[in-house]
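Since the model is a prediction, treat every value here as computed from it, not as a measurement.
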Amino acid sequence: MTTLTARPAHTGQRPSPLLRGVVRTPYYVLTGGLAILFLFPLVWTTVASVSPRAGTAQSEGYGFANYITLANYQAGIWTYLYNSAFVSLLTVALTLLISGLGGYAFARFSFPGKDILFMVTLAILMVPYATLLIPLYVLLTRVGLQNSLVGVALVLTMFQLPFSIFMMRVSFEAVPKELDEAALVDGCSSFAVLWRVLLPAVKPGLITVGLFAFLAAWNDFMAPLILINDSNRMTLPLAIANLRVQVQGIVDYGATEAGVVILALPCCILFLLLQRHYVRGFMSGALKG
């Protein structure tokens, strides 16, 4: 007669709070140090923009004189904010439209030269940004879009498309093809499948692409510098750069710091609002089975 010996049950005790705290302390220290490292320049600039400094509009006491100087510079800050917003939003819209359709085509359709065309698209990333601006300047002059905000948006869209198409292809490939097949069986066209089924599924990828396009267009300095020669059509980064040096090469640090704060605010707000989707967009396809 065999005897069965009972195996000791697993207690399933969780680590004590003290042990968990000790294990997580290096993580908290590292992330806290990185947060301080990245936030310090922005905090320092914000404080400096309202602090007294000789040679600036805010020479005594704390106040917003530097912001008033920035607001009244040439055409006014609202004009430059409008120009930057117009270029950024148009860049985002064109980038989302083209990369969404392109990523869908590369992920779901087979056609001759598909892989070669995709590699050629990605190869644009290896071309230095500044080397293409002069040829693009000549091209835009011939089609009447030089010194135009639309022309600047088209140039910025072109440089965003390789990364954006890559992101959208990965996002679409992470969605099971069974969803497409089920929608096609129900009578949907390819465009209806894209609009009703796939776009909601790849929303994190779309938000990531849109956020990257907005940040690149909002902060870009080189393209407006080359393509814009009308002071009333300057974007905010270009206006701040012109405001920086006033008379006899003297740098107006106060107005420059105020401009940096104004430039950074929309980027910080958008990133904080969309960070959850931003992280999910980068993770799309990482666990693709």
Side-chain angles (χ1 to χ4, degrees), residues 42 45-46 67 70-71 73-103 124-125 129-130 132-133 136-137 140 143 145-168 199 202-244 256-278 281-282:
L42 183 59
T45 302
T46 303
Y67 290 90
L70 177 64
Y73 176 67
Q74 290 189 359
I77 191 173
W78 294 111
T79 299
Y80 303 130
L81 281 173
Y82 169 80
N83 294 341
S84 289
F86 178 84
V87 170
S88 301
L89 294 177
L90 182 57
T91 301
V92 170
L94 292 174
T95 301
L96 289 176
L97 176 63
I98 300 173
S99 65
L101 295 175
I124 300 177
L125 292 172
Y129 175 46
L132 295 179
L133 285 178
L136 288 173
Y137 175 87
L140 291 175
V143 298
L145 289 177
Q146 186 270 331
N147 196 31
S148 167
L149 297 178
V150 175
V152 175
L154 290 175
V155 169
L156 295 175
T157 300
M158 185 196 73
F159 286 107
Q160 286 299 305
L161 284 180
F163 167 78
S164 301
I165 291 176
F166 170 78
M167 279 292 302
M168 293 312 303
L199 286 184
V202 299
K203 184 173 72 172
L206 289 171
I207 292 176
T208 302
V209 167
L211 184 59
F212 261 77
F214 178 86
L215 295 178
W218 181 264
N219 295 302
D220 189 80
F221 172 77
M222 188 65 70
L225 176 66
I226 300 298
L227 301 175
I228 299 295
N229 51 33
D230 184 352
S231 61
N232 292 329
R233 296 181 180 177
M234 291 190 301
T235 57
L236 189 56
L238 187 56
I240 293 172
N242 289 341
L243 171 64
R244 182 173 177 268
T256 302
E257 289 157 350
V260 170
V261 173
I262 297 297
L263 269 175
L265 274 178
C267 301
C268 294
I269 293 172
L270 274 178
F271 185 81
L272 291 175
L273 291 176
L274 302 175
Q275 61 177 332
R276 178 168 57 91
H277 302 285
Y278 170 79
F282 266 116

ask   = Between S84 and P237, what is the shortest heavy-atom contact and its length?
value =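 In this case the closest contact between S84 and P237 is OG-CD, 3.8 Å.
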Out of curiosity, [X] [atom1] to [Y] [atom2], how far, rounded to the nearest 0.5 Å?
{"X": "F166", "Y": "L125", "atom1": "CZ", "atom2": "CG", "value": "9.5 Å"}
{"X": "L149", "Y": "I228", "atom1": "CG", "atom2": "CD1", "value": "5.5 Å"}
{"X": "L265", "Y": "T46", "atom1": "CG", "atom2": "OG1", "value": "7.0 Å"}

ask   = Do C268 and L42 pass the side chain to side chain contact (heavy atoms under 4.5 Å, CB included) test, and can you show the C-alpha distance, the side-chain angles, and the key distance before you say yes or no?
value = CA-CA 10 Å; C268 294; L42 183 59; 3.8 Å; yes
Should [X] and [Y] count as side-chain neighbours, where that means a heavy-atom distance under 4.5 Å?
{"X": "M158", "Y": "L136", "result": "yes"}
{"X": "Y80", "Y": "L243", "result": "no"}
{"X": "F221", "Y": "T235", "result": "no"}

With sequence neighbours excluded, residues passing side-chain contact (heavy atoms from CB on, under 4.5 Å) with [X]:
{"X": "A93", "value": "none"}
{"X": "L270", "value": "L211, F214, L274"}
{"X": "V209", "value": "T95, L96, S99, S164, M167, M168"}
{"X": "I77", "value": "L70, A71, L81, L236, I262"}

inquiry  = Give me each pair satisfying side-chain hydrogen bond (donor to acceptor under 3.5 Å, both in side chains) with a member in residues 214-225, each pair once, sequence neighbours excluded.
reply    =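 The answer is Y129-D220.
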query = Who pairs with Y137 by ring pair (Phe, Tyr, Trp, His ring centres under 6.0 Å), at least two apart in sequence or on another chain?
reply = none
inquiry  = When you measure from the side chain of R233 to the backbone of N147, do you find a donor-acceptor pair of N or O atoms at a distance under 3.5 Å?
reply    =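 Pair found, side chain donor or acceptor close to backbone of N147.
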message = Using the side-chain contact (heavy atoms from CB on, under 4.5 Å) definition, which of the options L227, V152, L140 pairs with L145?
response = L140
